[in-house]
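Just so it is clear, the values below take in all heavy atoms, side chains as well, and ignore hydrogens, waters and symmetry mates. These numbers were taken from a predicted model, which means no experiment stands behind them.
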Amino acid sequence: MTALFQLQPEAVGVIKADSKQAILEQLADRFAAVHSLDATLVLERIEEREKLGSTGFGRGVAIPHARIPGLSRPVAVFFRLESPVDFDAADGMPVNIVFGLLSPEAAGAAHLHALAAISRMMRDDAMHAALAEAPGAEALYALLANSIDRDAA
């Protein structure tokens, strides 16, 4: 999909969660299912990163991320939440969009470039509005894939 990170259709969904922990657990489970990873290890790594400071980006967006063994390139999972959840975001707003990123352990610059690309996409007002209004996972994936492909061109 992009040179920076991979986002597969099955890695995109609309979920119900009632806490930050529930979001992180579902994120770990989805990464594990889509990319054949150990969900426990994924959750541990994401939680370790969260202890350094919330990945609540602001404007209702969180970008939980970590580095993990067993990957050859950065991979992403995208969730839109049915209802906003407190995520200890910098602006104090609850989160309804979660864009998770896992990168290989040795991916220094690649991890940062992928995070920057996701951040740019989530700061775009038109994209943010379109993601909020998309009717379901297929439409969300189409929006994200088109945006990622356009940015890579």
Side-chain angles (χ1 to χ4, degrees), residues 1-2 4-68 70-71 73-103 111 114-152:
M1 166 172 284
T2 173
L4 297 176
F5 62 89
Q6 179 184 34
L7 180 67
Q8 297 180 358
E10 59 271 18
V12 176
V14 178
I15 66 163
K16 181 181 281 191
D18 59 3
S19 68
K20 178 178 180 176
Q21 187 62 35
I23 293 168
L24 298 179
E25 289 170 5
Q26 289 190 54
L27 196 64
D29 289 344
R30 187 69 62 104
F31 271 120
V34 174
H35 299 287
S36 301
L37 298 169
D38 178 349
T40 302
L41 178 61
V42 173
L43 182 60
E44 286 173 4
R45 293 291 176 97
I46 291 173
E47 287 175 337
E48 285 173 13
R49 171 55 190 85
E50 286 297 320
K51 287 177 186 171
L52 299 175
S54 176
T55 56
F57 177 75
R59 296 181 59 229
V61 177
I63 309 175
H65 57 277
R67 293 187 177 111
I68 191 162
L71 291 174
R73 64 178 299 189
V75 295
V77 167
F78 179 89
F79 288 149
R80 186 180 69 203
L81 279 56
E82 289 183 4
S83 302
V85 172
D86 179 38
F87 207 87
D88 302 320
D91 63 1
M93 290 180 63
V95 162
N96 65 343
I97 293 176
V98 178
F99 211 132
L101 177 70
L102 291 179
S103 296
H111 183 72
L115 276 174
I118 292 168
S119 173
R120 278 191 303 276
M121 190 184 336
M122 294 298 100
R123 281 195 312 261
D124 181 274
D125 290 335
M127 173 58 89
H128 198 269
L131 292 170
E133 296 168 11
E138 286 182 20
L140 288 166
Y141 178 77
L143 284 166
L144 293 165
N146 287 338
S147 178
I148 292 165
D149 289 344
R150 186 178 60 243
D151 288 349

Sub-4.5 Å side-chain heavy-atom contact between Asp124 and Arg120:
no

For Ile46 against Pro64, the heavy-atom pair lying closest together:
CG2-CB, 4.0 Å

Result block: side-chain N/O donor-acceptor pairs under 3.5 angstrom for residues 94-101, not counting sequence neighbours:
none

Leu27 CG to Phe78 CZ distance, which is reported to the nearest 0.5 Å:
11.5 Å

So which atom in Val75 and which in Phe5 form the shortest heavy-atom distance, rounded to 0.1 Å?
N-CB, 4.5 Å

Identify the heavy atoms of Leu7 and Ala76 that sit nearest to each other, and give their distance.
CD1-O, 3.4 Å

NE2/His35 to CD/Glu10 distance, rounded to the nearest 0.5 angstrom?
7.5 Å

Backbone N or O of Gln21 within a donor-acceptor pair of the Glu47 side chain at under 3.5 Å?
no

Closest heavy-atom pair, Met122 versus Phe57, reported as atoms and distance to 0.1 Å, is CB-CE2, 4.4 Å

Between CG of Asn146 and CE of Met127, what distance do you get to the nearest 0.5 Å?
8.0 Å

Within a 6.0 Å radius of atom CG on Asp29, are there more than 12 heavy atoms belonging to other residues, nucleotides or ligands?
yes

For Ala39 against Ala28, the heavy-atom pair lying closest together
O-CB, 3.6 Å

Gln26 side chain reached by Val77 side chain, heavy atoms, under 4.5 Å:
no

Looking at Glu82 and Ala17, would you say the former's side chain and the latter's main chain have a donor-acceptor pair under 3.5 Å?
no

As a test of understanding, state which of Arg45, His65, Lys20 forms a side-chain contact (heavy atoms from CB on, under 4.5 Å) with Glu50.
Lys20

I need the Ile118 CD1 to Arg123 CZ distance, nearest 0.5 Å.
12.0 Å

Distance (rounded to the nearest 0.5 Å) between His111 NE2 and Leu4 CG:
12.5 Å

Verify, without hydrogens or angle tests, whether Ser54 (side chain) and Phe87 (backbone) share a donor-acceptor contact under 3.5 angstrom.
yes

Determine, step by step, whether Ile68 and Asp38 satisfy the side-chain contact (heavy atoms from CB on, under 4.5 Å) criterion, reporting the C-alpha distance in whole Å, the side-chain angles of both residues, the deciding distance to 0.1 Å, and the verdict.
CA-CA 10 Å; Ile68 191 162; Asp38 178 349; over 6 Å; no

Side chains of residues 128-136: which donor-acceptor partners sit under 3.5 Å, not counting sequence neighbours?
| from | atom 1 | to | atom 2 | distance (Å) |
| --- | --- | --- | --- | --- |
| His128 | NE2 | Arg59 | O | 2.9 |

Would you compute the distance between atom CG of Asp18 and atom CG of Asp86 and round it to the nearest 0.5 angstrom?
12.0 Å

